[in-house]
Every structure is written in structure tokens, then in C-alpha cells.
Amino acid sequence: MNGSECSGSDVAQAAGMPRDPAFLASLAASLLDDGGMALVYLDRNRVCRHADPHFAAALDRSPADLIGRPLAGIDHPVIVALATAIAAIGESPAHGSAPVDCPTVDCDGRRSILSGSVIAHRDEAGTTLGYLGTFHRTGDPDRIAEFVTCRDSFIATLLDAAVDGIIVSDRSGIIRSVNRACCRLFGYEDSELIGRNMAILMPPPFSRDHNRYIDTYMRTDRAKIIGIGRDTLGQRKDGTVFPIHLSVGEARLGEEVTFVGIIRDISERLAAEQRASYLARHDPLTGVLTRTAFLEDCEVLFAGHRGDGAARGADGGMFALFSLDVDQFSDVNEAFGFHVGDAALKAMVSRVTEVLPPNTIICRIAADEFAALSRVTDADHACTLAGVLHDRLTASIYADRHWVRLRLSVGAAMQDDAVGTLEDLNAKAKLALQAVQHNGGNAVCFYTPEMAAAATRRMMLTMHLTHAIERNELRLVYQPIVDKAGRVRSAEALLRWDHHALGPVSPGEFIPVAEESGLIVPITDWVLSTAIAQMSAWETEGVLPDRVFLNISGQQFLRGNLTLRLEELLGEHPSLRRHLGLEITEQAAVRDLKVAVRTLGELAQLGIQAAIDDFGSGYSSLSYVQQLPVAKLKIDRAFVIDVPENPKSNALVRAAVGMAHGLGLTTVAEGVETAEQRDFLVSVGCDMMQGYLFGRPMVPEALADMVRAQAAPLAG
Ligand code: C2E
Ligand code: MG
Ligand code: MG
């Protein structure tokens, strides 16, 4: 050691601490404690007086290689950095320490950064005695750099891969960074956004509000939106506005505040929600409202016009509710398939829209049932509309390559002072619809107060009719059917109901009630067995007419088990087969032509004759009739009633008789009341006649008397 050098104990003494090198070593050991800290001490001449194994290892040396050597004699970048730091401290009392950061490779070949500082060791007078260097090894600089680079690009990739727009702004709302999705969402380049106020991405009034929120935030340091997502609107560069969901987070780093906004385009979600709510309120096939939605919308409209309770609103108009029902719509589906039925329903809706005034609310109540609420000027206006509606909807519809003609029943009700609520109006339109259907359908009917009474009566009749058979209230009467010479050839059995309290109820009234309620099935069965029993009795008495015709309702006829039931009933009376006839209406036969043809064929096999009843009152299509295996055509009373005075009726009856004969059918005219009618019918070749002129429907004994009274024996 030369004179300028001092030992480790000198240093310790100068610092006022024990000078013992063992003390220094233990101090260094406890300081470092294997924590990766490296320590070196240099005297004021920059000669290394102490180097711990960590420091030596960082230089890929041993402590012995360093201790006692001047810095200038050691060739290592750490030593160069150390010397530079010491030079920076210099002698100036103002500088007590200097940082040192230096990459290094240690004896294991590990790369690390030696990072720490050099402290000047001075005595109380400020004289520099030496320098203490303390360092940490902070790992591989390349790996750190690589990590930082990777992390940044990882984050950048993450942000850019995000589907949501991510936007970072400072506390005053100035955009600091945006991800790719954000640029895509708003149609900007990132350079066009960075440095601009966030409000640029919002339409008014949100842009204005945003600036106000920022002002409040700056004053109060409180932002309401943090942590709470909200649906709002965004504005693209091209000015278009779209719905977004915005959630905002706040990051604080000391005084610095950064907002991170996550923006999601919710156009599709909203569209899906709107679609779902549309589907909940609209019929998917026709697009009109569902029943519930219709009632809701109508109620609002109705309440809006109700005013002081008077029927007429401020606009001088009133509401009309139309209730529409296609008669036997299932026939269309069965005949042409559901696709044609669907197309017909769509066409119906577009015709309703066409005919009724704008702002009419339309709904589909059931498969073939619709309702429409319109504002009309007065009752006449409503009548005209209902008429046009019926005409348009019953005109041929070209549906999926088929021409379809619908029969439509329209019930309508007008708002008047007695109609307080929509339910009232609805109930009245429904009653009017029932009235139309009850009278054969395919027409328009406006509500009248009598309809409510009629509906109540129908309900009451249904109730009583249920017990009619067990209470023995039903009976059959027979009306003679005569030939041109006036001789009774056959008879028609007609049902009578004598209610114990209501008295006689006409079949015109109770048969439709029985059909609507399904009671027609047990009733028909009763008719069949009662008539066959009667015929058997007549046969025994020798007064059985050629044929006894029974009326079969369409429903019963198309049910399919009629033949079986008749076979069963006639099993005990096989001889009656060729004396039995069934009357079915033209409508029933046409409703399901296939079933009708099959059933009539089966009946013919049994020897049972069939007649088309009320010909002319329905579709009146001989092209249908000619496909049916029937023997007789009964011309409806409506035609007979004004012959021979009405030339048109004359022509129609003449044509019907002519065509029936052409098809090999026998004709029967119904409702013949006068000798003039009889003479005309005979003159046009009508084969048989039935009517009050020859005999009213009568009890069986009376008919037997008539038959018996006929001088000539009956032909087979
Ligand atoms: P329908 O089968 O056309 O029967 C003829 C109707 O015309 C009978 O009415 C009969 O009394 C009436 N009539 C006959 N001649 C004359 C006449 O000269 N002038 C007038 N004004 N009327 C005449 P009714 O008995 O009231 O029966 C009405 C309808 O009820 C029948 O029409 C038929 O459709 C139905 N019906 C009657 N009995 C039965 C039945 O047992 N089953 C079914 N399903 N329907 C029945
Ligand atoms: Mg009949
Ligand atoms: Mg008839």
C-alpha cells in the first residue's frame, strides 16, 4: 500500500464507525444478504479497497482480482461506468451520489444490468475519503427489452383484435389513442381522431352533453358514467348516427387521469330486439297485428278520440269495427294445400288495407279471422266500406298459381253513444258476425240490438237442446211429395222440437244451433232410428211410400260413419233400403267433393237414394252436381215462389229441370203453394212437387191416411 492509500479500517474510522474490516464484511454481508446486491468500496484515489463476491462476479472476476487495484488498471465496462460516476461526483460537496447503470455478463455467462449508485464517503469537514458503490443486478436487458416490446405489441394486438372500439382519452376528453375497431366503427383514420375531443364521435345533443359532463368532472372530479355502461348514439365521420353501448373506466396514475371507453355497435342487437318485439305484436304470415297488440293499439286510439264521451270525435268521425271470417276456409287448405291458403290470406290482408281508410288498424284473430278498426265519417260511410270490403274479398284471388274464391262473413259495429269501450264495440261486431254466419254466411251484417237477444236465445236453445232427446221433446213429421198427377209418391221427414216451456221451436232456428254446437250428431242419429222405425211400421201397415227422405246435415254427412250407422240400423230391415232417401244440401256436398262422392257411392250400393236439397240456394253449379252419384235434384223454394209471374224465375226453373234431366236426374220442386205454380212446373217437365198445396208436414198417421186414401196401388 503506498502513502496515499488507506486501509478499510481507516475508512471505518473516518466515518466514525468501527474500523475493523471484519465489521465491514459483516455489514456488507447483512446488507447484501444474498439478495443480489453488489458492493464495492474505493478509496479517494480510486483504488479498490473492498469488492464483495457479487460485485466481483458481475465483472466475471474474484474479489482478490480487484482489491488493491486502481480502477484505471481494471478493464471492464462496469469499472468505466463507475469511474464516470465518480468523476461526476467529483469533489463538489453538492454532489453526494451518482447513478450507475451498466450491462454486464457475469462468470456464469448471465447477462444482466448492474444498476445502482455511487455515494461519496466524506468526513465531517466534507473531505472525500472514498466511494461506496451499491448495485442490484436487474436481469437480462435483452429479455427485458424483448418483454417490453412483446408486451406492447401483445397489448396492441389485443386492442386491435378487439371487436369493440376502444378509445383512450385524458381527463379533458382529448383522445389519446384508439384501436382499429374504433376507427372502423366511426369511419376515421386514427390520425384523424388522436388529439381531438371525444365529442366528435357523438351526435347532438350528446356531443353537447359530453362537454358539459367533462366540465363537471374537471370541477368536481366525479364522473357519473364510470363503471356504468349505457346505451347512447354514436356519429360516424359521414354524419350517420348509430346506436352504441358505451362503458367507461378510469385509470389514475398519480395526478394523471385517463379514461378508457369501450364502444359496442348495438345496431344488430337493437334490430334483433325490435324484430322480437315485432314478432310478439305481429302475425308472422300476414304482418298485421296480433289480437293482443290490436286491442292495445285500438284502446289507445279509442281513448284518444273518446273526448267528452260523445260518439263523434272532434274530427266529426266515429269508429267502425269490422269482424271478418272466411266461411269454411279449411276447404281452401284441403283442396289446394296450405301454401295456397297462406297466399290467399296474405292477398286478403292486402285487399283489406286497400279498401279501408288509411290508419285502419288490422289484426289476425285466428287462422281465417280478421278484425279492422277504421275511422269513418258516418254510418253510411261504414256501410259502403263494408260492402266494398265484401265485394273485394270475395272476388277471385290468384293465390300461388290457383284461382281461389272465398266466401266471407263480415260483422260490423259502429261506435255510438251506447258504446263506451272498445270491448263493447268488439262484442257487438262479433255478434253481428255470428248473425251473418248463423244466416248462412257470405254476407255483411251491422250490429243491431236484436242480435244480442238472438245470441242469448241461441245460447239458451243450445242448453235446452242438450236435453231434448231424453225429455222426448223431438218428433218427426212427414210432408208428402207428389207426382205430376198429384199422387203421393214419397215423403220428406222433418224434425220438430216442442220444448216443454218454450213451445214449438222451428227447425230453421234450432237446426243451425244444433250444427254449431255439435248436437246435430246425436239428433241425426235419433232421426235415423225414429224414421226407420216409422217406415217399418208403415211397411207392416202397407202404407209405406216409395221413398222417405231424411235430411242429413253437412257436418254429419262428411263425418264418415254415416254409411256404417245406416247399415247397422237397416240390418234388421233390409227391405227398407230401397225405400230410404237422404237429402243433403248442395253446399255440404260441394264442401268436400271427394268424401261426398265416396259416401254417396256407398249409400247407392246399399240401395239408398240421395237427393240434392235446396238446389239453387248455394253455389248452384251443375258441374259439381254431375260428379255426384245422386238421383234427385230438389229445386229451392226461392225459385218456385215467383213462378209463373217472374220470367227470370221461370227461365231458371226451366233451365234447372232441363239440365237435371240431361244428367239423368229426377226433379222435385219445393214449396209449391198454388195451382199456378203447379201448372207451370208440370208444363216445364218437373217430375215431382212438394208444398202446402199438396200437404203440410203432418204426423205419421195423417200421411198414412193420405197414402191409404189413394185409389190406385203405389208403384215400386
Ligand atoms: P228443407 O229440407 O228444405 O225442408 C223443406 C222446408 O220447407 C220445411 O221447413 C217445410 O216445412 C218447408 N215447406 C214445404 N213446403 C212449403 C211451402 O209450400 N211453403 C213454405 N213456406 N214452406 C214449405 P221446415 O220443416 O221448417 O224445415 C226447415 C229446414 O230445416 C229444412 O229445410 C231442413 O233444412 C231442416 N231440417 C228439418 N228437419 C231436419 C232434420 O231432421 N235434419 C236436418 N239436418 N235438417 C232438418
Ligand atoms: Mg229437405
Ligand atoms: Mg229444401
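Whatever order the structure lists ligands and atoms in, that order sets their numbers, starting from 1. Both backbone and side-chain heavy atoms feed into the values below; hydrogens, waters and symmetry mates do not. Numbers for residues simply follow the sequence, beginning at 1.
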Short list, please: which atoms of ligand 1 are under 4.0 Å from a heavy atom of Glu673?
17 (C), 18 (O), 19 (N), 20 (C), 21 (N)
Centroid-centroid distance, Trp403 to Phe336, less than 6.0 Å:
no
Of all N, O or S atoms in Glu583, identify the one at the shortest distance from the Mg ion (ligand 2).
OE1
Which is the closest N/O/S atom of Asp613 when seen from the Mg ion (ligand 2)?
OD2
Please write down residue, atom name and distance for the protein heavy atom closest to atom 24 (P) of ligand 1.
Pro507 CG, 3.6 Å
Can you check whether a protein heavy atom sits less than 4.0 angstrom from atom 29 (C) of ligand 1?
no
Distance flag for atom 38 (N) of ligand 1, protein heavy atom under 4.0 Å
yes
Side chain of Asn650, backbone of Pro644: donor and acceptor closer than 3.5 Å?
yes
Atom 20 (C) of ligand 1 protein-contacted (non-hydrogen atom, under 4.0 angstrom)
yes
re atom 40 (C) of ligand 1, the protein heavy-atom contact at minimum distance is Asn551 CB, 3.8 Å
Quick check: Leu495 and ligand 1, any N/O pair under 3.5 Å apart?
yes
Applying the side chain to side chain donor-acceptor pair (under 3.5 Å) test to Gln690, which of Arg637, Glu670, Gln479 qualifies?
Gln479
Below 4.0 Å from any atom of ligand 1, is there a heavy atom belonging to Gly671?
yes
Could you list which atoms of ligand 1 come closer than 4.0 Å to a heavy atom of Gly691?
15 (N), 18 (O)
How far is atom 6 (C) of ligand 1 from the closest protein heavy atom, and which atom is that?
Leu494 CD2, 4.7 Å
Does Glu492 put an N, O or S atom under 2.8 Å from the Mg ion (ligand 2)?
yes
Do Leu425 and Leu373 touch side chain to side chain, with heavy atoms closer than 4.5 Å?
yes
Is any side-chain heavy atom of Asn551 less than 4.5 Å from a side-chain heavy atom of Glu492?
yes
Proximal candidate to atom 35 (C) of ligand 1 [heavy atom criterion; set Ile511, Leu476, Ile523]:
Ile511
Please state which part of Thr524 comes within less than 4.0 Å of ligand 1, counting heavy atoms only: side chain, backbone, both or neither.
neither
Using a distance threshold of 4.0 Å (strictly less than), state whether atom 44 (N) of ligand 1 has a protein heavy-atom neighbour.
yes
Atoms in ligand 1 flagged as close to Pro697, the criterion being non-hydrogen separation under 4.0 Å:
11 (O)
Below 4.0 Å, non-hydrogen atoms only: which portion of Met689 touches ligand 1? Side chain, backbone, both or neither.
neither
List ligand 1 atoms under 4.0 Å from Glu670, heavy atoms only on the residue side.
3 (O)
Check whether any N, O or S atom of Asp636, backbone or side chain, sits closer than 2.8 Å to the Mg ion (ligand 3).
no
Interfacing atoms of ligand 1 (cut-off 4.0 Å, heavy-atom, Gln479)
10 (C), 14 (C), 15 (N)
The closest protein heavy-atom partner of atom 23 (C) of ligand 1 is Tyr692 CE2, 3.5 Å
Ligand 1 contact by Glu492, heavy-atom criterion under 4.0 angstrom
yes
What is the OD1(Asp614)-the Mg ion (ligand 3)-OE1(Glu670) angle, to the nearest 10 degrees?
80°
Select one of side chain, backbone, both or neither to describe which atoms of Val527 lie under 4.0 Å from any atom of ligand 1, heavy atoms only.
side chain
Regarding ligand 1, does Asp613 bring an N or O atom to under 3.5 Å of one of the ligand's N or O atoms?
yes
Select one of side chain, backbone, both or neither to describe which atoms of Arg637 lie under 4.0 Å from any atom of ligand 1, heavy atoms only.
side chain
Non-hydrogen atom of Glu515 closer than 4.0 Å to ligand 1:
no
Tell me, with the steps shown, if Val640 and Phe680 meet side chain to side chain contact (heavy atoms under 4.5 Å, CB included).
CA-CA 10 Å; Val640 176; Phe680 172 81; over 6 Å; no
